[in-house]
Amino acid sequence: NETISIVVDKEIHGKIWESCLLGNEEEVKELFQKNPKDLKSVGYNKTSLFMVAVCTGRKDIVKYLLHNSDHLDINSTDQEGVLPITIACK
């Protein structure tokens, strides 16, 4: 089985990353409204916020992020070239 490491440092990545990791959908929405560009930020291993939501099984947050896809690159890969859809299908 493949293990995926997700490292989130709220001081570096921002509160929205921590909220996403913890599954706090309302806070993700609130923070997104304040700064939509946070969806384009990249973390450790070139992981995107969308990848964090997918890898942690946060379906409601994934749906929300997809509905705001004009601010989101759903085809961005991590450092290993893995797409979020690849993880979602496992």
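Keep in mind that what you see is a predicted model, and the values were worked out from it rather than measured.
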*Asks:* As an exercise, state the distance from CG of Asp78 to SG of Cys55, rounded to the nearest 0.5 Å.
*Replies:*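 Atom-to-atom, Asp78:CG and Cys55:SG are 8.0 Å apart.
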*Asks:* Would you name the heavy atoms of Ile74 and Leu66 that are closest together and state the gap between them?
*Replies:*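 Nearest heavy atoms, Ile74 then Leu66: CG2-CD2, 3.7 Å.
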*Asks:* Counting only pairs under 3.5 Å, give me each side-chain donor-acceptor contact of residues 79-88, with atom names and distances, residues two or more places apart or in other chains.
*Replies:*
none

*Asks:* Not counting sequence neighbours, which residues clear ring-ring contact (aromatic ring centres under 6.0 Å, His included) with Phe50? List them please.
*Replies:*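 Scan of Phe50 (ring-ring contact (aromatic ring centres under 6.0 Å, His included), adjacent residues dropped) gives none.
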*Asks:* Check side-chain contact (heavy atoms from CB on, under 4.5 Å) between Glu26 and all other residues, then give those that pass, not counting sequence neighbours.
*Replies:*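 Partners of Glu26 by the side-chain contact (heavy atoms from CB on, under 4.5 Å) criterion, ordered by chain and then number, come out as Asn24, Lys29.
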*Asks:* Mind listing the closest non-hydrogen atom pair of Cys20 and Leu49 along with its distance?
*Replies:*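 Looking at all heavy atoms of both residues, the closest pair is CB-CD1, 3.7 Å.
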*Asks:* Evaluate the side chain to side chain contact (heavy atoms under 4.5 Å, CB included) criterion for residues Glu27 and Glu18: first the C-alpha distance (whole Å), next the side-chain angles of each, then the deciding distance (0.1 Å), finally the verdict.
*Replies:* CA-CA 10 Å; Glu27 193 165 52; Glu18 180 185 35; over 6 Å; no
*Asks:* Restricting to side-chain hydrogen bond (donor to acceptor under 3.5 Å, both in side chains), what partner residues turn up for Asn35, sequence neighbours left out?
*Replies:*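 By the side-chain hydrogen bond (donor to acceptor under 3.5 Å, both in side chains) rule, Asn35 matches Asp38.
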*Asks:* Looking only at heavy atoms, which two atoms of Ser19 and Leu31 are closest? And how far apart?
*Replies:*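 Nearest pair, atom of Ser19 first, then Leu31: OG-CD1, 3.8 Å.
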*Asks:* What distance do Lys46 atom NZ and Ser76 atom OG have between them, rounded to the nearest 0.5 Å?
*Replies:*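 Atom-to-atom, Lys46:NZ and Ser76:OG are 8.5 Å apart.
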*Asks:* Grab the two heavy atoms, one from Ile61 and one from Ala53, that are nearest each other, plus how far apart they are.
*Replies:*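 The pair with the smallest heavy-atom distance is CG2-CB, 3.9 Å.
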*Asks:* Taking all non-hydrogen atoms of both residues, which atom of Arg58 and which atom of Leu21 are closest, and how far apart?
*Replies:*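 Closest approach of Arg58 to Leu21: NH2-O, 2.8 Å.
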*Asks:* Under the rule for side-chain hydrogen bond (donor to acceptor under 3.5 Å, both in side chains), what residues qualify as partners of Lys63, not counting sequence neighbours?
*Replies:*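 So Lys63 forms no side-chain hydrogen bond (donor to acceptor under 3.5 Å, both in side chains) with any residue.
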